[in-house]
Student: 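Structure incoming, see below.
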2 protein chains.
Amino acid sequence: MTYDPKYENKLRESGLRPTKQRIKICEVLFDSTETFHFTIKDLVKIIENQANIKVSLATVYNTVHAFNKKGYLKEIPINSSQSYYDTNISHHHHFFDEDENKLIDIDQNDVDEVMIKKTIPGKKIKSIEVIAKIVTDN
Amino acid sequence: MTYDPKYENKLRESGLRPTKQRIKICEVLFDSTETFHFTIKDLVKIIENQANIKVSLATVYNTVHAFNKKGYLKEIPINSSQSYYDTNISHHHHFFDEDENKLIDIDQNDVDEVMIKKTIPGKKIKSIEVIAKIVTDN
DNA sequence: ACATACATTAAAATCATTCTAATCTGTTGA
DNA sequence: TCAACAGATTAGAATGATTTTAATGTATGT
């Protein structure tokens, strides 16, 4: 079977074969020019609405994890019962609106570079993320 | 029944009556001068080892949540299957060691103040947290 | 001491995530 | 091309953290 090669590289580089289901997942995640935040549940819902393809939860989890590992998606470090992912993989930060449980991007340029003076022997910093929790201002 | 008044205020201010179980939880969390990171499971295990008091999971969850809400504990924003809490409620940040799944405090003085230029109308910033993920440096 | 509101508990329920095992499909090499 | 195999898909089961339930117990104000 041959597929639209559009997402073949992305899939192969993530260690995944291109399949109907995975290509559909790619389309939902990467077709838009807008980046967005989502949970696995969200993604499954979008696919169900858009496509006549049945994709199991397990496949969605596997695929999202592979993209996350490869760096095509970023998991956002907030405490929540569900994991949130971001299609915007550029270096940036987040507001987390505690009233509405919603994430809002903060561009890297809107945060001064975070300098950490402490070091841990034998370890290097892989990423630095800033989460600013926001609430209604009364 | 009357109890050691040591933790009565803390409990009452958190909206909780002082009870045997809750006082034991307070002792484990707040008696030490050392601050520490823990999960609910950790806390239950410590109590089981130290005390001849039986405390149910539900009670531990309720009590920790009340303290977190009141600000006597802080939940640490990392993605993990379990929630991590911190008895150090001063403003500070964290390394998360991805090799060992361990948190390490970063004193506020070791991070330049984080300035965020973006604002959201009607919202105010409640907290700013920096998570720096670290890995073995090869 | 009473009445009541809150606390405790074991066990069940819930929910996200991971695993399983049976079936199916993309890929590779002859 | 096509057989064989490695990897993919799936529904459903399993897992594990957290929350809820409902019965019983306890702190508190009067």
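Computation of the quantities below employed the complete heavy-atom set of this structure, encompassing side-chain atoms and omitting hydrogens, waters and symmetry-equivalent molecules. Because the structure is a prediction, the values reported are computed rather than measured. Below, read A as the first sequence line, B as the second, and so on, with proteins coming before strands; counting in each chain starts at 1.
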Student: Between the two end axes of the helix from C/dA1-D/dT30 to C/dA30-D/dT1, each built from 5 base pairs, what angle do you get to the nearest 10°?
Tutor: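 If I round to tens, the end axes sit 30° apart.
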Student: Taking CZ from B/Phe38 and P from D/dT18, how many angstroms apart are they, rounded to a whole number?
Tutor: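 Spelled out: CZ on B/Phe38 to P on D/dT18 is 11 Å.
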Student: Are any non-hydrogen side-chain atoms of B/Arg17 and B/Leu11 less than 4.5 angstrom apart?
Tutor: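 Of all side-chain heavy-atom pairs linking B/Leu11 with B/Arg17, none is under 4.5 Å.
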Student: Scan A/Ser83 against the nucleic acid and name what it touches under 4.0 Å (heavy atoms): base, sugar-phosphate only, or nothing.
Tutor: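 Sugar-phosphate only.
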Student: Who clusters with A/Ile131? Use side-chain heavy atoms, under 4.5 angstrom, across I, L, V, M, F, W and Y, and order the result by chain and number.
Tutor: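 A/Ile131 shares its hydrophobic cluster with A/Ile76, A/Ile78, A/Tyr84, A/Phe96, A/Leu103.
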Student: Within the 4.5 Å heavy-atom criterion, are B/Asp31 and B/Tyr7 side-chain neighbours or not?
Tutor: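 Yes, side chains in contact.
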Student: To the nearest Å, how far apart are A/Glu8 CD and D/dA8 C1'?
Tutor: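 It works out to 15 Å between those atoms.
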Student: Quick one: list whatever passes ring-ring contact (aromatic ring centres under 6.0 Å, His included) with B/His94, sequence neighbours left out.
Tutor: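 ring-ring contact (aromatic ring centres under 6.0 Å, His included) check on B/His94 returns B/His37, B/His92.
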Student: Do A/Ile134 and A/Ile104 have side chains that approach each other closer than 4.5 Å (heavy atoms only, starting at C-beta)?
Tutor: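 When only atoms from C-beta onward are counted, A/Ile104 and A/Ile134 do touch, with a gap below 4.5 Å.
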Student: Distance check: side-chain N/O of B/His65 vs OP1/OP2 of D/dT18, anything under 4.0 Å?
Tutor: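 For B/His65, the contact criterion (side-chain N or O under 4.0 Å from OP1 or OP2 of D/dT18) is not met.
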Student: Examine D/dT18: is either OP1 or OP2 under 4.0 Å from a nitrogen or oxygen in the side chain of B/Tyr61? Give yes or no.
Tutor: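 B/Tyr61 to D/dT18 OP1/OP2: side-chain N or O found under 4.0 Å.
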Student: For A/Tyr72, enumerate each residue passing the ring-ring contact (aromatic ring centres under 6.0 Å, His included) test, keeping only those at least two apart in sequence or located in another chain.
Tutor: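 Partners of A/Tyr72 under the ring-ring contact (aromatic ring centres under 6.0 Å, His included) test: none.
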Student: Do nucleotides 1-15 of chain C as a string where each nucleotide becomes B, S or -: B if the base has a protein heavy atom under 4.0 Å, S if just the sugar-phosphate does, - if no protein is that close.
Tutor: ----BBSSBB-----
Student: Could you tell me whether the side chain of A/Glu48 reaches within less than 4.5 Å of the side chain of A/Val44, counting heavy atoms only?
Tutor: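 Side chain of A/Val44 against side chain of A/Glu48, heavy atoms only: contact under 4.5 Å found.
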Student: Separation of A/Arg12 atom CZ from D/dG7 atom P, in whole Å?
Tutor: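 Between P of D/dG7 and CZ of A/Arg12: 13 Å.
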Student: Between P on D/dT26 and CD1 on B/Ile23, what's the gap in Å once rounded to a whole number?
Tutor: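 Taking atom P of D/dT26 as the reference, CD1 of B/Ile23 is at 15 Å.
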Student: With A/Ser14, which residues qualify under side-chain hydrogen bond (donor to acceptor under 3.5 Å, both in side chains), at least two apart?
Tutor: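 side-chain hydrogen bond (donor to acceptor under 3.5 Å, both in side chains) check on A/Ser14 returns nothing, list empty.
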